[in-house]
Amino acid sequence: MNSKIVDHSKIPDLEHRNFRNDDFWKEIPGWSSVTRGEFADHMWQLKNSVRKVAQIKKLLGDTVSKEFIADLESGLHTTPMNIRITPYVFSLIDWKDPLNCPLRKQFLPVGSQVIPDHPMHMADSLSEDDDSPVPMLTHRYPDKVLFLPLTICPVYCLYCTRSRVIGGSTESVEKETYGANQKYWDDVFEYLMNSPKVEDVVISGGDSFMLNAKQISYIGENLLKIPHIRRIRYATKGIAIFPQKILTDDAWVKALSDVHKFGRSLGKQVVVHTHFSSPREITKWTQMAMDRLFSEGIIVRNQAVLQDGVNNHVDEMVLLTRQVGYLNIQPYYVYMHDMVPGCEHFRTTLREGVELEKAVRGTTAGFNTPTFVCDLPGGGGKRHVASYEYYDEENGISVWTAPYVKPGKSFTYFDPIHKLSPEAQARWADIPTREAMIIEAVKKAGY
Ligand code: SF4
């Protein structure tokens, strides 16, 4: 992709205010008689979450072809993620064309779209484990930490950067833990108590939607009681894929709201970070859920992941940006895809990220425009997509620095090989040539 390919957005000006509000789940043969009241119930959503291919076959009947089901079964042999999808998302998939649907692509693996991993991929691409002083905590930036209190989510995303630990084991990846590892939480609080520079805690995982109300309160109150901690953020993809929880799990919303009020009483911020990647995830249910959170005074920010065939088109990205802004969700980041296993088909070139950023900027207010970033492999942290030191586009090698986080060190990010020219692909296939290209790029960057 180059600047000629990324044209101006053709999205009509008010398109972002149209939210789907029909009984779309009734198009799934197995749910044709499910009422709106049942569909709204968060317990119904959890109980009917889709986890097995046999369940998919039963729910859809003849709606999908045998070939698609076989493709799905073959995808399960290599994916690092379990299948888990809420009925909300499952019913929003375009079952007339599942192979090309951006929602199917995010949650259901198919063998026909798998591409071999990049030779420089890493299971822990962001080196979170290297920067972990106590279990379940990453401390990289001086004033900010990442707390991972659990390893489960209401959906499992095929693009997950923590696929090495999230969800249950699969045919290709053995995982050690499952669920909320509460036994380590107090060690985390003690470490933070003794780390006076830390002001900001991201509570991620896993997904905060899978913490129960008591756990939301326990974590929030313990963190806020640490005098030097000023900001906490609960991270969840839940608002995007399970808005019914916000609408009907009153105990959970109350726990979040109470932590928020407790934070305000201390002059501290409690916010939610969520994870919309496709306009197709957004409906009237999302708007109702956001109206409730907004009325509680809770600020929500969005972090999307740039994915090939999901949102790497200017129209999709502009619509997503305007929609979340309209719903009082601040578009915060769009990430270049991390170099983790099982995701090569999702990755885009750095050039695509740079050009999309240019195309999206100016389509709405600046504070409602996301920053496109590359989270540097090897632990350099997030850098603006255009802030690389050197970019060999022909061979797909970019070189970066992170002067404050890791002074004097250089980092490399690589474009997906299948998007390079045949000549460049041949160079990557030869190991000595590949190594020489990387050394040369780093040298040209001055390192
Ligand atoms: S919700 Fe987040 S942590 Fe869970 S699978 Fe998706 S990307 Fe990974």
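Scope of the values below: all heavy atoms of this structure, side chains included, with no hydrogens, waters or symmetry mates. Along the sequence shown, the residues carry numbers beginning at 1. Whatever order the structure lists ligands and atoms in, that order sets their numbers, starting from 1.
- Applying the side-chain hydrogen bond (donor to acceptor under 3.5 Å, both in side chains) test to residues at least two apart or on different chains, the pairs with a partner in residues 315-326 are Ser9-Asp315.
- Protein contacts to atom 4 (Fe) of ligand 1 involving N, O or S atoms at a distance below 2.8 Å are Cys153 SG.
- The ring-ring contact (aromatic ring centres under 6.0 Å, His included) check on Trp25 picks up Phe39, with sequence neighbours excluded.
- For ligand 1 and His275, the ligand atoms under 4.0 Å from any heavy atom of the residue are 7 (S).
- Screening Lys268, Arg231, Lys144 for a salt bridge (Lys or Arg N to Asp or Glu O under 4.0 Å) with Asp200, the sole residue that qualifies is Arg231.
- In this structure, the ring-ring contact (aromatic ring centres under 6.0 Å, His included) partners of Tyr191, at least two apart in sequence or on a different chain, are His139.
- With hydrogens and angles left out, the side-chain atoms of Asp338 and Thr161 include a donor and acceptor closer than 3.5 Å.
- Remark: Arg264 CZ is loosely packed, at most 12 non-hydrogen atoms of other residues, nucleotides or ligands lying under 6.0 Å away.
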